[in-house]
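One structure is given here, and the rest of the page talks about it.
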Amino acid sequence: MELRHLRYFAAVAETCHFGRAAERLHLAQPALSHAIRQLEDELGVALLSRTTRQVQVTPAGRFFLAEAQRILDAVEAGARGARRIADGRRGLARIGFTGTAALSHLPQVARALQHRLPEVELEVHADLLTGEQCEQLRDGTLDIGVLRPPVTGGDLDLHVIETEPLVLAVPADHRLAVEPVVAMSDLRAEAFVTYPASYSVVNEAVLRSCRDAGFTPHREHEAAGTAVLLALVAGGLGVGVVPASARALPLAGVVFRDLSGAATVQLALAWHRERASALVPAVLDALGELFPVEVPVSGRTR
């Protein structure tokens with residue numbers, strides 16, 4: 001039994017006429033009659049009752065018609081699904097976000113994908129440092145990263161979507177909390193709460209800003225993520241220098257102040273040049289509503 005037998009039988013059963021069914025199938029009527037007889041012989045039952053004037057579906061035929069239609073519908077659905085996966089319109093998009101990027105950009109990204117690619121499921125990996133995202137892009141556990149350049153190696157493509165300043169987070173009762181703008185040099189004597197040293201682009205920017213201001217920061221505590229960092233600041237354990245998007249995470253006891261003399265940090269979309277699936281160009285194209293994203297061609301950006 002082949003799928004064509006099911007299609008042929010469904011056409012005859014729906015029309016109750018071999019001639020009209022043959023026209024619908026673009027098939028010669030004798031060939032259609034022969035295929036139906038083959039199907040009945042294989043099943044060992046009569047699916048159709050034939051007279052010189054009419055064709056009727058037998059009780060067994062009505063049951064088999066329902067099953068045949070279910071099978072044909074499932075095959076068509078499978079074919080459509082395979083095509084959607086192949087052209088990036090269906091599947092699982094695993095996207096990593098560094099630090100505060102989940103707060104500032106995840107809602108926009110989620111809405112854009114829901115609107116443009118409703119059959120793509122979003123899997124979020126939040127609070128990943130740039131180095132962690134690069135490793136996961138390379139080992140295939142992430143499809144796209146929202147991270148902070150620079151990155152090492154030449155196997156990742158990047159598209160910068162934002163440049164943001166660093167700002168100061170201080171306890172609400174700190175002496176600098178009353179200042180509208182704080183100079184980096186004013187932090188010379190302060191204890192710092194920082195991100196872990198390895199892979200942190202923000203830490204490098206903070207260290208560079210402090211050195212430009214003539215001092216090396218005293219790193220009193222480390223925090224695995226922005227929420228913990230701000231909680232330690234609220235507890236009076238030090239000050240933090242964080243991306244401006246951290247303002248989206250308000251916390252009682254913490255005050256944010258603009259910094260003069262501080263570096264900026266970038267935010268970029270990243271994907272693996274060689275391992276990018278068909279889903280990646282489709283997601284990047286969907287995100288073009290938010291950011292002017294260049295879709296990779298042969299693994300590269302244009």
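- Across every non-hydrogen atom of Pro107 and Ala102, the tightest pair is CD-O, 3.6 Å.
- Taking CG of Leu259 as the start and CD of Glu179 as the end, the distance is 12.0 Å to the nearest 0.5 Å.
- Asp157 places no side-chain N or O within 3.5 Å of a backbone atom of Trp271 that could act as its donor or acceptor partner.
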Decide yes or no on side chain to side chain contact (heavy atoms under 4.5 Å, CB included) for Leu187 and Met184, but give the supporting numbers first.
CA-CA 6 Å; Leu187 306 179; Met184 283 299 303; 4.2 Å; yes

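- For Phe63, the CZ atom is loosely surrounded, since the number of other residues' heavy atoms within 6.0 Å does not exceed 12.
- A 4.5 Å side-chain heavy-atom check between Cys134 and Leu147 finds at least one atom pair inside the cut-off.
- Going from atom NE2 of His125 over to atom CD1 of Ile95 covers 9.5 Å, rounded to the nearest 0.5 Å.
- The shortest distance between side-chain heavy atoms of Leu284 and Ile144 falls below 4.5 Å.
- When all heavy atoms of Ala286 and Leu113 are compared, the pair lying nearest together is CB-CD2, 4.0 Å.
- By the 6.0 Å contact criterion, CD on Gln114 is open, its count of non-hydrogen atoms from other residues, nucleotides or ligands being 12 or less.
- The OG atom of Ser185 lies 11.5 Å from the CG atom of Asp212; values are rounded to the nearest 0.5 Å.
- Rounding to the nearest 0.5 Å gives a distance of 5.0 Å between CZ of Arg24 and CD of Glu14.
- Separation of atoms CG (Leu269) and NE2 (His159) is listed at 6.5 Å; rounding is to 0.5 Å.
- Side-chain contact between Val201 and Leu129 is absent, with no heavy atoms from C-beta onward closer than 4.5 Å.
- A side chain to side chain contact (heavy atoms under 4.5 Å, CB included) with Glu162 holds for exactly one of Gln266, Arg148, His105; it is His105.
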Show your working on side chain to side chain contact (heavy atoms under 4.5 Å, CB included) between Thr194 and Leu229 and close with a plain yes or no.
CA-CA 7 Å; Thr194 68; Leu229 186 153; 5.5 Å; no

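- Defined by atom type and a distance below 3.5 Å, a donor-acceptor pair is present between the side-chain atoms of Glu164 and Ser245.
- When every heavy atom of Val170 is checked against every heavy atom of His174, the shortest pair comes out as CB-CB, 4.0 Å.
- Following chains of ILVMFWY side-chain contacts shorter than 4.5 Å, one cannot reach Leu207 starting from Val242, and the two form parts of different hydrophobic clusters.
- Residues Val160 and Leu267 have side chains not in contact (no heavy-atom distance under 4.5 Å, counting atoms from C-beta outward).
- Contact of the Leu156 side chain with the Arg273 side chain is not registered, since no non-hydrogen atoms from C-beta on lie closer than 4.5 Å.
- Residue Tyr8 belongs to a hydrophobic cluster whose other members are Met1, Leu3, Leu6, Phe9, Val12, Phe18, Leu25, Leu27, Leu32, Ile36, Leu39, Leu43, Val45, Leu47, Leu48, Val55, Val57, Phe64, Leu65, Ile71, Leu72, Val75, with links defined by side-chain heavy atoms closer than 4.5 Å.
- For Thr58 (side chain) and Gly61 (main-chain N/O), a donor-acceptor pair under 3.5 Å exists by modelled atom type.
- Using a cut-off of 4.0 Å between Lys/Arg side-chain N and Asp/Glu carboxylate O, Glu40 and Arg50 are scored as salt-bridged.
- At distances below 3.5 Å, not a single donor-acceptor pair connects side-chain atoms of Glu222 with backbone N or O atoms of Val193.
- Tyr195 is not listed as a side-chain neighbour of Val206, based on a closest heavy-atom distance of 4.5 Å or more.
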Residue pair Glu190, Arg175: steps toward the salt bridge (Lys or Arg N to Asp or Glu O under 4.0 Å) verdict:
CA-CA 11 Å; Glu190 299 295 331; Arg175 63 181 180 84; 2.9 Å; yes

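- At least one donor-acceptor pair under 3.5 Å links the side chain of Asn203 to the backbone N or O of Pro196.
- Closest approach of Pro243 and Thr100 over heavy atoms only: CB-OG1, 4.1 Å.
- The backbone N or O of Ala263 lies less than 3.5 Å from no partner atom in the side chain of Arg208, so there is not a single donor-acceptor pair.
- Here the CG-CG distance, from Leu117 to Leu279, works out to 7.5 Å after rounding to the nearest 0.5 Å.
- Under the 4.5 Å side-chain criterion, counting only non-hydrogen atoms from C-beta, Arg257 is not in contact with Val167.
- Side-chain contact between Val233 and Leu251 is absent, with no heavy-atom pair separated by less than 4.5 Å.
- With hydrogens and angles left out, the side-chain atoms of Gln38 and Glu2 include no donor and acceptor closer than 3.5 Å.
- A donor-acceptor pair shorter than 3.5 Å can be found between the side chains of Glu220 and His218.
- The side chain to side chain contact (heavy atoms under 4.5 Å, CB included) check on Val228 picks up Ala223, Leu232, with sequence neighbours excluded.
- Taking every heavy atom of both residues into account, Val254 and Ala169 meet most closely at CG1-CB, 4.0 Å.
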Decide side chain to side chain contact (heavy atoms under 4.5 Å, CB included) for Leu166 and Val265; before the verdict, give the C-alpha distance in whole Å, the side-chain angles of both, and the deciding distance to 0.1 Å.
CA-CA 7 Å; Leu166 297 176; Val265 289; 4.1 Å; yes

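- Scanning all heavy atoms of the two residues, the minimum distance from Ala101 to Val146 falls at CB-CG1, 4.0 Å.
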Working for side chain to side chain contact (heavy atoms under 4.5 Å, CB included), residues Val283 and Arg116:
CA-CA 9 Å; Val283 171; Arg116 291 285 301 276; over 6 Å; no

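- Using a 4.0 Å cut-off between charged side-chain N and carboxylate O, Glu23 and Arg20 make no salt bridge.
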